[in-house]
Amino acid sequence: MLNGKKIIVILPAYNAEKTLTQTYREIPFSIVDDVILTDDFSNDDTVRIAKEIGINHIIEHNTNLGYGANQKSCYTKALTLDADIIVMLHPDYQYNPKLIPAMTDLVANNVYDVVLGSRILGKNAISGGMPLYKYISNRILTLIQNICMNQKLSEYHTGYRVFNSKVLKEIPFQQNSNDFIFDNQLLAQCCYKGILIGEISCPANYFEEASSINFRRSIIYGFGVLKVSLSYFFQKMRLFQFPIFKNL
């Protein structure tokens, strides 16, 4: 616990056998109370390794449901375990688990309700291995989103996030996409709700075993981001109603 808050780390996994152990071992269990791994029908030994290293809560999907669906399972389980703070960490070791204390401290002490680990704050995104086309698209999409959503975030596309559990109880995340755009929809919902979002610098760490969507999926994701941003703008202008912002 940290400041009396129960902290649960969720690991949405897919083919993470090569990096799961390293990720798990660097989780700071001095403050983390529990870990949940959801396996989205991997075709490797992710589940076997998760059991061997001692992860208490393992959820196995019987078919590949998608990145968003994987997170939905994780968040739902964490809420049933009465988490106060939920850390979403990719088990591919692309994000450094050692930042968990710094990120959770901001939530535990009520500075922010959501904290993002930003790969863009600082200067090592490219040197850390982020492909140039992804860096450029990240900057362009973030600029558009900040304009449409009246925010000043450095990036919306990080997979390293810490939530006050009350946020996930208030946000209808179950109605979001089961695909990669889930992350973006969830942040847009938080912005629409007026939830305070903070960021800390997180070194980029791209390598062969780290998961990454291909160029085609990146293009699809980019158009999805534009759709979410414009939906937010038109919803705020009261020109249209969109399901993801219903009851917020």
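Along the sequence shown, residues are numbered consecutively beginning with 1.
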Of all heavy-atom pairs linking Glu199 and Glu155, the shortest is OE2-N, 3.5 Å
Apply the test side-chain contact (heavy atoms from CB on, under 4.5 Å) to residues Asp44 and Lys18: give CA-CA distance (whole Å), side-chain angles for both, the deciding distance (0.1 Å), then the verdict.
CA-CA 9 Å; Asp44 66 1; Lys18 294 180 180 179; over 6 Å; no
With hydrophobic residues grouped by side-chain heavy-atom distances under 4.5 Å, do Leu186 and Ile10 end up in a single group?
yes
Shortest non-hydrogen contact from Pro172 toward Ile244
CG-O, 4.3 Å
Cluster question for you: counting only ILVMFWY and a side-chain heavy-atom cut-off of under 4.5 Å, with indirect links fine, are Tyr160 and Leu168 together?
no
Would you compute the distance between atom CG of Leu37 and atom SG of Cys74 and round it to the nearest 0.5 angstrom?
7.0 Å
Report yes if the side chains of Leu11 and Thr38 come closer than 4.5 Å at any heavy-atom pair, otherwise no.
no
Flag side-chain contact, heavy atom, 4.5 Å: Ile181 against Val225
yes
Residue Asn3 excluded, over 12 heavy atoms near CG under 6.0 Å:
yes
Just by distance, no angles: are the side chains of Asn138 and Thr142 close enough, under 3.5 Å, to form a donor-acceptor pair?
yes
Step through the shown structure and confirm whether more than 12 heavy atoms of other residues, nucleotides or ligands are within 6.0 Å of CD on Gln241.
no
Verify the distance criterion only: is there a donor paired with an acceptor across the side chains of Tyr206 and Arg119 at less than 3.5 Å?
yes
Phe41 ring center within less than 6.0 Å of His61 ring center:
no
Taking only residues two or more places apart in sequence, or in another chain, which ones meet Phe180 in a side chain to side chain contact (heavy atoms under 4.5 Å, CB included)?
Tyr67, Ile213, Arg217, Tyr221
Between the side chains of Tyr93 and Glu26, is a donor N or O closer than 3.5 angstrom to an acceptor N or O?
yes
Could you see if Val87 belongs to whatever hydrophobic cluster contains Leu20? Use Ile, Leu, Val, Met, Phe, Trp, Tyr and a side-chain cutoff under 4.5 Å.
yes
Among side-chain atoms of Thr158 and Ser118, is any donor-acceptor pair under 3.5 angstrom?
no
Is it the case that the side chain of Asn146 and the backbone of Leu153 share a donor-acceptor pair, with hydrogens and angles ignored and the cut-off at 3.5 Å?
yes
Have Asp179 and Ser177 got a donor and an acceptor in their side chains that come within less than 3.5 Å?
no
Are the aromatic ring centres of Phe29 and Tyr24 under 6.0 angstrom apart?
yes
If every non-hydrogen atom of Phe173 is compared with every non-hydrogen atom of Lys72, which pair is closest and at what distance?
O-CE, 3.5 Å
Within 6.0 Å of NZ in Lys246, more than 12 heavy atoms from elsewhere:
no
Less than 4.5 Å apart, any side-chain heavy atom of Ile197 and any of Tyr112?
no
Heavy-atom side-chain contact between Cys191 and Asn150 under 4.5 Å:
no
With Ile147, which residues qualify under side chain to side chain contact (heavy atoms under 4.5 Å, CB included), at least two apart?
Leu143
Going through the checks in order, is the side-chain contact (heavy atoms from CB on, under 4.5 Å) test met by Leu226 and Leu141?
CA-CA 7 Å; Leu226 293 177; Leu141 290 173; 3.9 Å; yes
Tyr95 and Leu99: CA distance, side-chain angles, deciding distance, side-chain contact (heavy atoms from CB on, under 4.5 Å) verdict
CA-CA 9 Å; Tyr95 301 96; Leu99 292 174; over 6 Å; no
Would you say Ile86 and Leu196 are hydrophobically clustered, going by side-chain heavy atoms of ILVMFWY under 4.5 Å?
no
Determine whether the side chains of Gln189 and Asn176 contain a donor N or O and an acceptor N or O closer than 3.5 Å.
yes
Tyr135 side chain reached by Ile120 side chain, heavy atoms, under 4.5 Å:
yes
Separation of Gln185 CD from Lys227 NZ (nearest 0.5 Å):
8.5 Å
Please determine whether ring-ring contact (aromatic ring centres under 6.0 Å, His included) holds for the pair Tyr75 and Phe163, giving the CA-CA distance in whole Å, both sets of side-chain angles, and the decisive distance to 0.1 Å.
CA-CA 10 Å; Tyr75 290 136; Phe163 294 91; 5.7 Å; yes
Is NZ or CZ of Lys236 both nearer than 6.0 Å to the six-membered ring centre of Tyr192 and within 45° of the ring axis?
yes
Check against salt bridge (charged side-chain N to carboxylate O under 4.0 Å, His left out), Arg48 and Glu52:
CA-CA 6 Å; Arg48 178 184 61 81; Glu52 288 180 354; 2.6 Å; yes
Close side-chain approach of Lys6 and Ile85, heavy atoms under 4.5 Å
no
Which heavy atom in Cys148 sits nearest to a heavy atom in Ser229, and how many Å separate them?
CB-O, 3.6 Å
Counting C-beta onward and ignoring hydrogens, is there a side-chain heavy-atom pair between Lys134 and Ser218 closer than 4.5 Å?
yes
Is any side-chain heavy atom of Ile100 closer than 4.5 Å to a side-chain heavy atom of Ile31?
yes
Locate the shortest heavy-atom distance separating Pro101 from Pro28; write the atom from each residue and the value.
CD-CG, 3.7 Å
The residue among Asp40, Asp39, Asn43, Asp45 that forms side chain to side chain donor-acceptor pair (under 3.5 Å) with Asn15 is Asn43
Gap between atom CG of Leu248 and atom SG of Cys190 - 0.5 Å precision
9.0 Å
Exercise: do Tyr156 and Asp183 side chains pair donor with acceptor under 3.5 Å
no
One should read off an interatomic distance between Phe182 CZ and Leu187 CG, to the nearest 0.5 angstrom, of 10.0 Å
Nearest-0.5 Å distance, CG of residue Leu2 to CG of residue Asp84:
10.5 Å
Evaluate Gln145 against Gln151 for side-chain contact (heavy atoms from CB on, under 4.5 Å), listing each step before the verdict.
CA-CA 8 Å; Gln145 288 189 276; Gln151 300 292 322; over 6 Å; no
What's the separation between atom NE2 in His157 and atom CG in Leu116, rounded to the nearest 0.5 Å?
11.0 Å
Cluster question for you: counting only ILVMFWY and a side-chain heavy-atom cut-off of under 4.5 Å, with indirect links fine, are Met103 and Leu121 together?
no
Which atom of Arg139 lies closest to which atom of Ser154, heavy atoms considered:
NH1-O, 2.7 Å
So, does Asn96 use its side chain to make a donor-acceptor pair with the main chain of Lys98 at under 3.5 Å?
yes
